[in-house]
Amino acid sequence: MMKKYSIAGKAVLITGASSGIGKALSECFAQEGARLFLGCHPSEKKALEEWMKDLRARFGKPVKGFAVDLAADGGPERLYRMVVKAAGKLDVLVNNAGIMVYGNFHELGLERQRRLLRVNGEAYLTLMRLALADMVATGGGRVLTVSSVSAFQPSAHHAVYGATKAFVQSLSEAVNQELRGTGVMVCTLCPSYTDTPLLKAEGFPKRLRWYWISGLADPETIAHKGVGAFKRGKAVYIPGLRNWLIHAVLQRIIPRRLAGALSWVVLRQTGQGG
Ligand SMILES: NC(=O)c1ccc[n+]([C@@H]2O[C@H](COP(=O)([O-])OP(=O)(O)OC[C@H]3O[C@@H](n4cnc5c(N)ncnc54)[C@H](OP(=O)(O)O)[C@@H]3O)[C@@H](O)[C@H]2O)c1
């Protein structure tokens, strides 16, 4: 059996750490004794500072924050440079920051969808490329890609979001294979719907039919299970047996066209409002 990866004392960068899954992940990594370097959008600087104070008080470890817009030109490069300067060397990159855009592709604003691509796709690629080059050169390190079950089938009504998750999932799995023998790994965490501000983004429905099947996970449970799988070196981890059966097994058996049609039905808004 593979030895569990030890997080104690490791320099860990988590993007999007001011709320939701990223915030919950930062608590789990702090519990494991990591030295934390937390990223947030500049508009969330105050919230992150409050959260860092709390983490320092409870875990007694240094925590540093970096407010950088990952959608801005050169944003991911700037964040990486700042973190490496502060940390000396980065051991773990958690690519987590993400946004959601809900609605029909042909009706949603192009600039909103391009922004989503920059944050959920391009920023992941850039940070992972920069971190892996340094990790391979020093012979150790890990990347945790926060992907989604949306990576495994078409996601009607949030098509670009699903497409970015399919992109980072495929990228992470392929790169993980290329890294054989280097001492470096890329792991992915693929949650189903989780109760965070992401699902309260402008235009996102209050309820989806899919919630009747999937429910809504809480971010703390996802983070706790995700860090456990990361330490065990799981390349693809889908929290929850039901989610695993649906997205890793069923989606491989049924015709792709049916998977797309089902997503159109179950990811539609139910009732009024939202
Ligand atoms: N919630 C779900 O159902 C679900 C399911 C599967 C996967 N995920 C994935 O989990 C990850 C975390 O999402 P979450 O659900 O925890 O949502 P969340 O609470 O909204 O967290 C996303 C974080 O990313 C930050 N962020 C967004 N745009 C940014 C930018 N341009 N530059 C820097 N930071 C930026 C957000 O900052 P602001 O608050 O300022 O926007 C926020 O802190 C995402 O990759 C998401 O796709 C979520």
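Fair warning: this is a prediction, and the values are worked out from it, not measured in the lab. Below, all heavy atoms of this structure are taken into account, side chains as well, without hydrogens, waters or symmetry copies. Remember, it's 1-based here, ligands and their atoms both numbered in the order they're listed.
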Over-ring placement of R242 relative to W244, 6.0 Å and 45° cut-offs: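 No, a cation-pi geometry is absent between R242 and W244.
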Cation-aromatic face contact K10/F29, 6.0 Å, 45 degrees: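 Judged by the rule (NZ or CZ under 6.0 Å from the ring centre, within 45° of its axis), K10 is not positioned above F29.
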Gap separating the CZ atom of R207 from the CH2 atom of W212, nearest 0.5 angstrom: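 Rounded to the nearest 0.5 Å, the CZ-CH2 separation comes to 7.5 Å.
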Protein contact for atom 22 (C) of ligand 1 (heavy atom, distance under 4.0 Å):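 It does: a protein heavy atom is found less than 4.0 Å away from atom 22 (C) of ligand 1.
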Heavy atom of protein closer than 4.0 angstrom to atom 17 (O) of ligand 1: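 Protein heavy atom within 4.0 Å of atom 17 (O) of ligand 1: present.
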Kindly confirm or rule out an N or O of [X] lying under 3.5 angstrom from an N or O of ligand 1.
| X | answer |
| --- | --- |
| N120 | no |
| Y193 | no |
| K165 | yes |
| V119 | no |
| P191 | no |

For [atom], which protein heavy atom lies nearest, and how many Å away is it?
| atom | result |
| --- | --- |
| atom 5 (C) of ligand 1 | S192 O, 3.3 Å |
| atom 19 (O) of ligand 1 | S19 OG, 2.7 Å |
| atom 31 (N) of ligand 1 | D69 OD1, 2.8 Å |
| atom 40 (O) of ligand 1 | E44 CG, 2.9 Å |
| atom 46 (C) of ligand 1 | Y161 OH, 3.5 Å |
| atom 15 (O) of ligand 1 | T196 OG1, 2.6 Å |
| atom 45 (O) of ligand 1 | N96 O, 2.7 Å |
| atom 26 (N) of ligand 1 | A97 CB, 4.0 Å |

Answer side chain, backbone, both or neither: which part of [X] comes under 4.0 Å from ligand 1, heavy atoms only.
| X | value |
| --- | --- |
| Y124 | side chain |
| A72 | neither |
| L198 | both |
| S147 | backbone |
| R115 | side chain |
| H41 | both |
| T194 | both |

Within 6.0 Å of CZ in R114, more than 12 heavy atoms from elsewhere: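 Incorrect, the count does not exceed 12.
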Sequence neighbours excluded, every pair satisfying side-chain hydrogen bond (donor to acceptor under 3.5 Å, both in side chains) that has a member inside residues 99-109: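 Qualifying pairs: N104-E107.
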Between [X] and [Y] (side chain of the first, backbone of the second, donor and acceptor by atom type, cut-off under 3.5 Å), is there such a pair?
| X | Y | result |
| --- | --- | --- |
| Y124 | L171 | no |
| Q153 | G260 | no |
| R142 | M185 | no |

Which atom of [X] lies closest to which atom of [Y], heavy atoms considered:
| X | Y | result |
| --- | --- | --- |
| A248 | I238 | CB-CD1, 3.9 Å |
| C28 | V227 | CB-CG2, 3.7 Å |
| A71 | V119 | CB-CG2, 3.7 Å |

Should you measure from each heavy atom of [X], which atoms of ligand 1 turn up under 4.0 Å away?
| X | result |
| --- | --- |
| G16 | 23 (C), 24 (O), 25 (C), 43 (O) |
| S43 | 40 (O) |
| G20 | 16 (O), 19 (O) |
| V146 | 9 (C), 10 (O), 11 (C), 45 (O) |
| L199 | 3 (O) |
| V68 | 32 (N), 33 (C) |
| L70 | 30 (C), 31 (N), 32 (N), 33 (C) |
| I99 | 27 (C), 28 (N) |

Side-chain touch D218/T194, heavy atoms, less than 4.5 angstrom: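 No, every pair of side-chain atoms sits at 4.5 Å or beyond.
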Looking just at side-chain N and O atoms, do [X] and [Y] make a donor-acceptor pair shorter than 3.5 Å?
| X | Y | value |
| --- | --- | --- |
| E173 | Q169 | yes |
| W51 | S26 | yes |
| Y193 | N243 | no |

Side-chain ion pair, E111 and R118, N-O less than 4.0 Å: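 Looking at E111 and R118, the cut-off is met.
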Close approach of S18 to ligand 1, heavy atoms, under 4.0 angstrom: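 Yes, that is the case, since the closest heavy atom of the residue is under 4.0 Å from the ligand.
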Sub-4.0 Å heavy-atom approach of S150 to ligand 1: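 False for this residue.
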Residues L125, F167; criterion side-chain contact (heavy atoms from CB on, under 4.5 Å); working and verdict: CA-CA 10 Å; L125 179 149; F167 168 70; 3.7 Å; yes
Aromatic ring pairing W210/H247, orientation class (parallel under 30°, perpendicular over 60°, tilted between):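 It falls in the perpendicular class, over 60°.
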